[in-house]
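Remember, it's 1-based here, ligands and their atoms both numbered in the order they're listed.
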Amino acid sequence: MEILKPKQGFLILSSLLFVCNLSVWTIHVQGSIPARFDGFVYKDDLPHADTIMIEAFFDPVCPDSRDAWPPLKQVLEDYGPRLSLIVHPFALPFHDNAFVTSRALHIVNKLNASATYHLLELFFKHQEKFYNQQTHNMSRASVVDHIVRFVTKAVGDDLLSAVESGFNDRNSDFATRVSFKYGCSRGVIGTPYFIVNGFPLPNAGSAVDYKGWRSIIDPLINKQRQSGDEIPYFFL
Ligand SMILES: *[C@@H]1O[C@H](CO)[C@@H](O)[C@H](O)[C@H]1NC(C)=O
Ligand SMILES: *[C@@H]1O[C@H](CO)[C@@H](O)[C@H](O)[C@H]1NC(C)=O
């Protein structure tokens, strides 16, 4: 008979408690650090020293995420390289097709990264096709089939079989789980959820309008102008 060493016992216990205990869950996440930072970089604009970094957590089938996108997109156009955006898909458990549509984003991002935001916009535009009610009578397999065809419209017919096999590839499943876990690790409990320069915006779960974004960003740009070596506010 093999006796568990305390550490092994702890590991097994941790995996049993994983679903209900956040601190143990944190240990689990640390054990599986992904090779790349999660999410989709908008227009491939990576941040530089003065960039204001926005992270947005969107569920592709969430109406509030859909409504949050146009004003944010407008702000990104207007401020140009001052802003950088990473979208993390975050599949809310009460949306039946949130995980599978999030997975579709990961699949497409791998096939053609510049089509990812195009697909996100298509999901937002035709979101009602994938609501719980509308897919209530469909089998899991026919929902996936439906999504494969939908996605192919965004990336081109020649990628049909690549998209199809993407849904059989464990890596796309893993990537979608990583997105979910990353959101959990940042305390995301609803979408849309925004983090600006590493700090969460209040009012999680509601869209920020164009004026709202300006009132967040303008003061940050002014502060950057005023001083290069200000003391971070959390030390004051
Ligand atoms: C990738 O997607 C972009 C935007 O949808 C498209 O213009 C481009 O032709 C695609 N590239 C390939 C290699 O399919
Ligand atoms: C689901 O199937 C039932 C029984 O066949 C039908 O009455 C109902 O209208 C269907 N619902 C949808 C949303 O298609």
Side-chain angles (χ1 to χ4, degrees), residues 34-48 51-91 95 97-131 134-135 143-180 182-183 191-192 194 207 210 213:
R36 290 194 179 83
F37 193 75
D38 180 70
F40 313 124
V41 181
Y42 186 63
K43 293 196 168 163
D44 237 354
D45 277 339
L46 282 168
H48 53 84
T51 311
I52 293 163
M53 181 72 219
I54 301 172
E55 289 174 78
F57 296 81
F58 286 152
D59 176 336
V61 289
C62 157
D64 293 322
S65 296
R66 173 195 63 199
D67 296 344
W69 174 234
L72 177 55
K73 188 179 179 182
Q74 187 61 51
V75 160
L76 289 161
E77 304 273 311
D78 292 353
Y79 286 81
R82 301 303 305 257
L83 304 183
S84 185
L85 171 73
I86 293 183
V87 163
H88 306 277
F90 189 77
H95 292 151
N97 301 310
F99 192 87
V100 70
T101 48
S102 297
R103 190 175 178 184
L105 289 170
H106 276 290
I107 292 169
V108 164
N109 190 59
K110 204 172 168 200
L111 292 172
N112 178 356
S114 43
T116 314
Y117 277 83
H118 178 47
L119 178 62
L120 180 65
E121 289 181 334
L122 274 186
F123 276 138
F124 284 158
K125 189 169 173 205
H126 301 284
Q127 203 175 55
E128 67 288 348
K129 284 182 205 273
F130 307 107
Y131 286 166
Q134 276 74 357
T135 53
V143 169
V144 171
D145 188 56
H146 194 55
I147 288 174
V148 166
R149 276 159 218 292
F150 184 87
V151 168
T152 307
K153 267 192 260 163
V155 292
D157 288 337
D158 45 333
L159 288 178
L160 174 69
S161 65
V163 174
E164 229 161 11
S165 56
F167 277 100
N168 295 317
D169 182 351
R170 283 181 59 221
N171 288 321
S172 68
D173 177 67
F174 180 72
T176 318
R177 291 178 192 215
V178 166
S179 290
F180 175 74
Y182 178 68
T191 59
F194 301 104
Y210 183 79
W213 276 117

(request) Look at atom 9 (O) of ligand 1 and say whether a protein heavy atom is found at less than 4.0 angstrom from it. (result) no

(message) Taking 4.0 angstrom as the limit and counting only heavy atoms of Ser114, give me the atoms of ligand 1 inside it, by number and element.
(response) 1 (C), 2 (O), 3 (C), 4 (C)

(message) If only side-chain N and O atoms count, and only distance matters, is there a donor-acceptor pair under 3.5 Å linking Tyr131 with Gln127?
(response) yes

(message) Would you call the rings of Phe58 and Phe124 parallel, tilted or perpendicular, taking 30° and 60° as the class edges?
(response) perpendicular

(request) For residues Ile54 and Tyr42, determine if any side-chain heavy atom of one lies less than 4.5 Å from a side-chain heavy atom of the other. (result) no

(request) Could you tell me the residue and atom name of the protein heavy atom closest to atom 5 (O) of ligand 1, and the distance to it rounded to 0.1 Å? (result) Ala115 CB, 3.8 Å

(message) Under 3.5 Å, is there a donor on one side chain and an acceptor on the other for Ser84 and Asp45?
(response) no

(message) Checking the N or O distance criterion of under 3.5 Å, is ligand 1 in contact with Asn112?
(response) yes

(message) Any atom of ligand 1 sitting under 4.0 Å from a heavy atom of Gly156?
(response) no

(message) Aromatic contact between Phe123 and Phe150, with the criterion being ring centroids under 6.0 Å apart: yes or no?
(response) yes

